[in-house]
2 protein chains.
Amino acid sequence: MDKRITIYDLAKTLGVSAGTVSRSLNDHPSISRKTKERVISIANELGYKTNKFAVNLSKQKSNTIGVIVPKLNSIFMSTVLAGIEKMANEAGYNLIISQSLESMEKEKINAKTLYDSGVDALLVSLAYDTTDFDHFAYYIRNKIPLIFIDRVHNLPNCSTIIIDNKLAGFEATEHLINQGCKNLLYISGDLRRNVYSERFKGFKEALAKHGLPFDNANYLESDLSPNSVKHAMAHIKDTHVPFDGLFVANDTFAALCLKELKKENIKIPEDIKVIGFNNDPISDLVTPTLSTIHYPGYELGVLAGQSVISHLNGGINLQPTNAITLRHSLIIRESTLK
Amino acid sequence: MDKRITIYDLAKTLGVSAGTVSRSLNDHPSISRKTKERVISIANELGYKTNKFAVNLSKQKSNTIGVIVPKLNSIFMSTVLAGIEKMANEAGYNLIISQSLESMEKEKINAKTLYDSGVDALLVSLAYDTTDFDHFAYYIRNKIPLIFIDRVHNLPNCSTIIIDNKLAGFEATEHLINQGCKNLLYISGDLRRNVYSERFKGFKEALAKHGLPFDNANYLESDLSPNSVKHAMAHIKDTHVPFDGLFVANDTFAALCLKELKKENIKIPEDIKVIGFNNDPISDLVTPTLSTIHYPGYELGVLAGQSVISHLNGGINLQPTNAITLRHSLIIRESTLK
DNA sequence: TTGTACGCGTTATCAC
DNA sequence: GTGATAACGCGTACAA
């Protein structure tokens, strides 16, 4: 390993003090242009590299942003991350990414680890089963920016970045109704998560608006994993009044359902119309193509990145940007044709 | 912000020296059990948190592993990352993830940034157009473990973790031939990347073995982005001898081709049989379901994680594990039925 | 078994 | 403009 060059080495070879070197390197106004040039030139010559560890210790800042997501291996989440990374990278921040694997326990551990490792800010999309939020208390108490994205929770002084899930759910449902559906099923994720509960509210509102009845059979909670498809199928076949419309909380699960329904010789959209959520690439590749709600994941990530960086570089607009809502849109494809 | 508790605070309240506190906290053998217990108890009481910045500076280690991937928003890559994260997290390492966006320039910048921020090791999957490797020289020179995954390059003292792409390409091709195909097209990514060039070798070997001719028309290079599908279609339609078999370098692009082919009223598998690569979830959801090569992304990530950690915790088996090859498998679905 | 004292590399606060 | 000198908080030889 090459011996590492420090500002002291530079100072010695230049015959100045370490302080002068440090200030020169940081372009401090109180240093003459001439000295700066000498320092920088010799620094390059000797291959000086600033030691981040020392800077971090001195400033008590790490220049890193922590991120906790439920799962890395989801196309939606990784798209969000791509947006965050782009912004963070451009602003000179590193991203420390960890996954809760949909478990509150792991989320707690991750939150603590990231806190301990000194992240300057934290972005979180909540796990499936998170019910208490004490693990974020450190952050709030120590004024470390904490921003929730997609799967959010309202905590004092924390921003949230989302879409209007209730409205989106309403629009998806109303679209099914407009296409002639009368007995709808909403296949949901865990209602403790805003994204699913809000969509559910929209679902019920649309039914109410159009005078359609709602009872428990019209709602099915699922973990939306591939293994749960058969459970959903059982529910669909068990009903006395056949469903003619399905609103599924994400495209991946909707695509799985599509496949099973076809296997059962149920025609889509003739027998049952189906709409998903997210506008994952898959929604346009299955047969029939899947109607869905476009959820701008990349833009969400970009905004989250921008937001956290603006908090960091100035501490401004912490209050005004308390909640950012992105625009979604209904995408109509074959699976809900009349 | 709460005033931060340091080992000096603990030392003062306990009436011992800071050194003793430090050693107690680190379970140093030379400290009496009694003292340790006292220290730990008061540490918890006062809410002591070790300052990672100081530890890092002192040890010149960051406890982080850097990762550079071409793109975050790919289901394959994010699956690999999920595996890496799992292992790193269990071993107490943080992951700093950045994306090259398929650009060597960005890859260089990322490599430097991660080096400067003091990662203890680096995992890399190469960008599309990376042709020189000087940006990894720091790592090698300073003996920072450097491991290539999936899209690899042979550098001295660097491990690689891959599958046998040549054999996989051979098997995919031979499968098409066994199903009766006589005029095959390999739709490839950039041949500078091992994964695509190796598969190409396998493709040609299979043709040779079965006495099928190969000329340039049997090969098409593409960037495998959605926009390039029409280009691929043009190539397919432009041929004088119609293709009856397609080997596509990844499932996503294969699925896009499938869709376009169907749009052109070309029957799959009757007119053209298609096989993809990776076994992305999508391959089992399109119609017809897509034959493919199973590429164990998650296991790849897990192995990469384990490998890097074993390098870090011991520096052992750096030589023996110079190249790890994972097992792949052929998955036969509807798109290549006879 | 414990204390002392210095190193880690940089930034910041005084002086001059 | 520049130079000392003290943080920053922890680990660790060396001493005791």
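In this text, all values refer to a predicted model and were calculated from it rather than measured experimentally. Proteins get letters first, then strands, A, B, ... in listed order; numbering begins at 1 in each.
Screening residues 18-33 of chain B for salt bridge (Lys or Arg N to Asp or Glu O under 4.0 Å) gives B/D27-B/K36, B/R33-B/E37 as the qualifying pairs, with residues at least two apart or on separate chains. Listed by first and then second residue, the salt bridge (Lys or Arg N to Asp or Glu O under 4.0 Å) pairs that reach into residues 146-160 of chain A are A/E102-A/R151, sequence neighbours excluded. Screening residues 38-58 of chain B for side chain to side chain donor-acceptor pair (under 3.5 Å), with sequence neighbours left out, gives A/Q60-B/N51. Residue pairs that meet the side chain to side chain donor-acceptor pair (under 3.5 Å) test with at least one member in residues 122-135 of chain A, sequence neighbours left out, are A/E107-A/T130, A/E107-A/H135.
The side-chain contact (heavy atoms from CB on, under 4.5 Å) test applied to B/S78 returns A/N73, A/S78, B/I75, not counting sequence neighbours. Residues passing the side-chain contact (heavy atoms from CB on, under 4.5 Å) test with B/K86 are A/L101, B/E90, B/Y298, sequence neighbours excluded. By the side-chain contact (heavy atoms from CB on, under 4.5 Å) test, A/K12 is found to be paired with no residue, residues two or more places apart in sequence or in another chain being considered.
Between the NE2 atom of B/H28 and the P atom of C/dG3 there is a distance of 13 Å, given to the nearest Å. The NZ atom of B/K12 sits 17 Å away from the C1' atom of C/dG3 (whole-angstrom rounding). The distance from atom CD of B/Q60 to atom C1' of D/dT12 is 15 Å, rounded to the nearest whole Å. As rounded to whole Å, 13 Å separates atom C1' of D/dG1 from atom NZ of A/K34.
A sub-4.0 Å separation between OP1 or OP2 of C/dG3 and a side-chain N or O of B/S17 is present. Within the 4.0 Å cut-off from OP1 or OP2 of D/dG3, at least one side-chain nitrogen or oxygen of A/T20 is found.
Overall bending of the helix from C/dT1-D/dA16 to C/dC16-D/dG1, expressed as the angle between end axes built from five pairs apiece, is 40° (10° steps).
Ranking C/dT1, D/dG1, D/dC8 by closeness to the B/S30 side chain, first place goes to C/dT1.
Summary of the strand contacts: A/L57 and A/G15 both lie near DNA chain D, and taking for each the nucleotide with the nearest heavy atom, the more 5' one is attributed to A/G15.
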Quick test: give all pairs of protein nitrogen or oxygen and nucleotides 11-13 of chain C nitrogen or oxygen below 3.5 Å, distance rounded to 0.1 Å.
from: C/dT11; atom 1: OP1; to: A/N26; atom 2: ND2; distance (Å): 3.2
from: C/dT11; atom 1: OP2; to: A/S22; atom 2: OG; distance (Å): 2.5
from: C/dT11; atom 1: OP2; to: A/N26; atom 2: ND2; distance (Å): 3.3
from: C/dT11; atom 1: O4'; to: A/S58; atom 2: OG; distance (Å): 2.8
from: C/dT13; atom 1: O4; to: A/R23; atom 2: NH1; distance (Å): 3.1

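Listed for the A/D120 side chain is no donor-acceptor partner under 3.5 Å among the backbone atoms of A/I65.
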